[in-house]
Amino acid sequence: MDEKKLKYIIEALFDKPIDNGDLLVDREKEIEHLNKIAYFQPMGIFGVCGETGVGKTTTLNFINSENAKRFYVLITEKDSKEVIIGDFLYKLSNLALGLKKKEINKVANEAREFILTEMSQSTSYGAGLSVSASFSYGKSTVSKKRFNIYTVKDYLDELLALLVKEYGKILVIIDELDKEKKEEVLNILDSLKSVLFKDNIVTFVSLPFSIYREYSNDRMRWNESGNLENIFRDMIFLDPLTVEDIKRMILKRIKEYPDYFEMDALDEIAAFSDGNPRDALWIAQQIAIINSDKDKISKEVVKGSIKEIMAKGLEKTWSFTEIQKTILQELINNPLEKSELVKRLEKKIKRQTVYTYVKRMIDDGVLTENNGVLRVSTKIKYYIESL
């Protein structure tokens, strides 16, 4: 293939969040709903949930309300609850400094310097953590903490109050929390809730699918509420894309060479992805690299390439227990509801054991669950076929 063409295709298929509406595929309804929340809701924390790679960051990029000032905060420091809240204050202060508002700048500068000073002092003790020593029975013990959390919250209160005073309403978007464990996310947001849950502050947070599932269960309970309801006003779930959506997404990206992938080749890529845009882009790019000598990619080439990629990627890191193999045998060609799967296996495997293994296999990406129906991930099917 011509080097210029290959370079274009590889770059076009690179997976990264987009902010160009021309490349957006089938998220218009969700974005419209989120923008209505941003415009009409007086306050509250709202979740944007979905599997990793489904397009949460891209969706967040399109949230913008004409009656609110938007602040996009990317959480990167995640050592502890204190560190995360300190990182939020630091990032928000940096954004506020760009507004060139005298009163806001004063507080933002003070908050920023406080975080930097605390970081500098704690680093001097080693391992990036401040140390206070106490003695018991002649032995020293170490207490590790980075920030005075009360001071951080005071700065956040003051800064947010000034921003609301200046703009009337602010929109805070917090990304990257979907990479954390559920318990850690809830701990972080429970701490931030007292700061963010105020009039004229609307907050959107990217969250993993597991939290959406538990939030839905909390909402369905009668005469009681869970801790998720105490934090979130509502959650919006991003469904996986359809086969046609995945195909349109790829064609939009490689619009200069729309015939590069034959249509049934795109069908195969879409099937492999299980509706996940990130997986679709990744495998399409890998196929292009492996077959750099070809001007056109057929279905047969895609299938052969995927089997090769999956075999190399998983043969040294993946094996199945006998229970997993039994579950896979039941589901590989016959998607089932969880209760039906348990019923079929109850003579071989205890009910609770099936539920435990199914949950683990979903978490590991071996199985997918959509509308209560369990399926074997297409990636795993390819891997099994390659053995």
Side-chain angles (χ1 to χ4, degrees), residues 1-2 4-32 50-62 209 237-310 313 333 335 365 367-371 373 375-383 385-386:
M1 185 196 301
D2 175 75
K4 182 180 178 181
K5 176 180 176 181
L6 180 63
K7 186 174 184 296
Y8 166 84
I9 289 170
I10 297 300
E11 290 181 356
L13 294 172
F14 187 83
D15 171 46
K16 61 182 178 181
I18 62 172
D19 53 17
N20 178 357
D22 292 340
L23 297 178
L24 191 66
V25 174
D26 195 39
R27 291 295 181 216
E28 291 82 3
K29 288 183 179 178
E30 291 95 334
I31 291 168
E32 181 182 3
E51 300 290 358
T52 299
V54 80
K56 292 187 293 294
T57 297
T58 289
T59 301
L60 292 173
N61 285 341
F62 287 89
F209 172 65
F237 178 66
L238 301 184
D239 285 308
L241 297 182
T242 66
V243 167
E244 292 305 313
D245 290 334
I246 293 289
K247 290 161 66 176
R248 284 197 298 123
M249 177 190 72
I250 293 174
L251 289 172
K252 280 188 173 189
R253 287 177 176 250
I254 59 169
K255 60 183 179 181
E256 290 188 18
Y257 301 100
D259 296 329
Y260 175 66
F261 290 106
E262 294 180 1
M263 291 310 294
D264 54 358
L266 287 176
D267 284 327
E268 202 69 26
I269 290 170
F272 170 86
S273 74
D274 286 321
N276 189 302
R278 178 174 297 171
D279 289 345
L281 292 170
W282 173 75
I283 199 66
Q285 191 187 58
Q286 293 299 308
I287 291 166
I289 292 172
I290 291 172
N291 299 283
S292 60
D293 58 323
K294 296 179 174 62
D295 288 320
K296 202 165 189 176
I297 303 297
S298 66
K299 178 179 180 178
E300 289 69 29
V301 168
V302 168
K303 293 186 74 169
S305 297
I306 292 177
K307 286 181 181 179
E308 179 185 342
I309 291 165
M310 297 308 293
N333 294 314
L367 301 179
T368 64
E369 184 178 14
N370 191 15
N371 295 323
V373 177
R375 292 176 172 81
V376 177
S377 164
T378 310
K379 304 173 191 64
I380 298 304
K381 285 184 179 180
Y382 266 109
Y383 172 58
E385 288 176 6
S386 71

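- For Glu28, there are no side chain to side chain donor-acceptor pair (under 3.5 Å) partners at least two apart in sequence or on another chain.
- Here the straight-line distance linking atom CD1 of Ile269 with atom CD1 of Ile287 works out to 4.0 Å at 0.5 Å rounding.
- Between Thr368 and Glu51 the shortest side-chain heavy-atom distance does not fall below 4.5 Å.
- In this structure, CD1 on Ile246 lies 4.5 Å from CE on Met249, to the nearest 0.5 angstrom.
- The two residues Val302 and Ala265 come nearest to each other via the heavy atoms CG2-CB, 3.7 Å.
- In this structure, the separation between CG on Asn276 and CG on Leu281 is 9.0 Å, given to the nearest 0.5 Å.
- In this structure Gln285 satisfies the side chain to side chain donor-acceptor pair (under 3.5 Å) test with no other residue, sequence neighbours excluded.
- Residues Phe261 and Ile254 have side chains in contact (heavy-atom distance under 4.5 Å, counting atoms from C-beta outward).
- For the side chain to side chain contact (heavy atoms under 4.5 Å, CB included) test, no residue two or more places apart in sequence or in another chain qualifies with Asn333.
- Looking at Trp282 and Ile309, their side chains come closer than 4.5 Å, going by heavy atoms from C-beta outward.
- The shortest non-hydrogen separation linking Ser273 to Ala270 is OG-O, 2.7 Å.
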CA sep, side-chain torsions, deciding dist, call: Met310, Lys379, side-chain contact (heavy atoms from CB on, under 4.5 Å): CA-CA 7 Å; Met310 297 308 293; Lys379 304 173 191 64; 3.8 Å; yes
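- Between the side chain of Lys56 and the backbone N or O of Leu238 there is no donor-acceptor pair closer than 3.5 Å.
- Under the 4.5 Å side-chain criterion, counting only non-hydrogen atoms from C-beta, Tyr260 is in contact with Ile297.
- Put simply, CD1 on Ile289 and OG on Ser305 are 11.5 Å apart, with the number rounded to the nearest 0.5 Å.
- Closest approach of Arg27 and Val54 over heavy atoms only: NH2-O, 3.2 Å.
- For the pair Glu369 and Leu367, the minimum side-chain heavy-atom distance is 4.5 Å or more.
- Note that CD1 of Ile10 and CD of Gln286 are 8.0 Å apart. Values are rounded to the nearest 0.5 Å.
- With salt bridges taken as basic N to acidic carboxylate O contacts below 4.0 Å, none links Arg248 and Asp26.
- Residues satisfying the side chain to side chain contact (heavy atoms under 4.5 Å, CB included) test with Thr58, not counting sequence neighbours, are Pro17, Ile18, Leu24, Phe62.
- Expressed to the nearest 0.5 Å, how far CG of Asp295 lies from CG of Leu6 amounts to 10.0 Å.
- Every residue two or more places apart in sequence or in another chain that forms a salt bridge (charged side-chain N to carboxylate O under 4.0 Å, His left out) with Glu244 is listed here: Lys247.
- Counting only distance, with no hydrogens or angles, the side chain of Tyr8 and the backbone of Glu256 share a donor-acceptor pair below 3.5 Å.
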Given Tyr382 and Ile283, is the side-chain contact (heavy atoms from CB on, under 4.5 Å) satisfied, shown in steps? CA-CA 12 Å; Tyr382 266 109; Ile283 199 66; over 6 Å; no
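- Here the side chain of Asp267 pairs no donor or acceptor atom with the backbone of Val243 at under 3.5 angstrom.
- Heavy atoms only, all atoms of each residue included: Leu251 and Pro258 are closest at CD2-O, 3.5 Å.
- Not counting sequence neighbours, the partners of Asp274 by the side chain to side chain donor-acceptor pair (under 3.5 Å) test are Ser377, Thr378.
- Under a 3.5 Å cut-off, the side chain of Asn291 and the backbone N or O of Lys294 do not form any donor-acceptor pair.
- Side-chain contact between Lys296 and Glu262: present, with at least one pair of heavy atoms (C-beta onward) separated by less than 4.5 Å.
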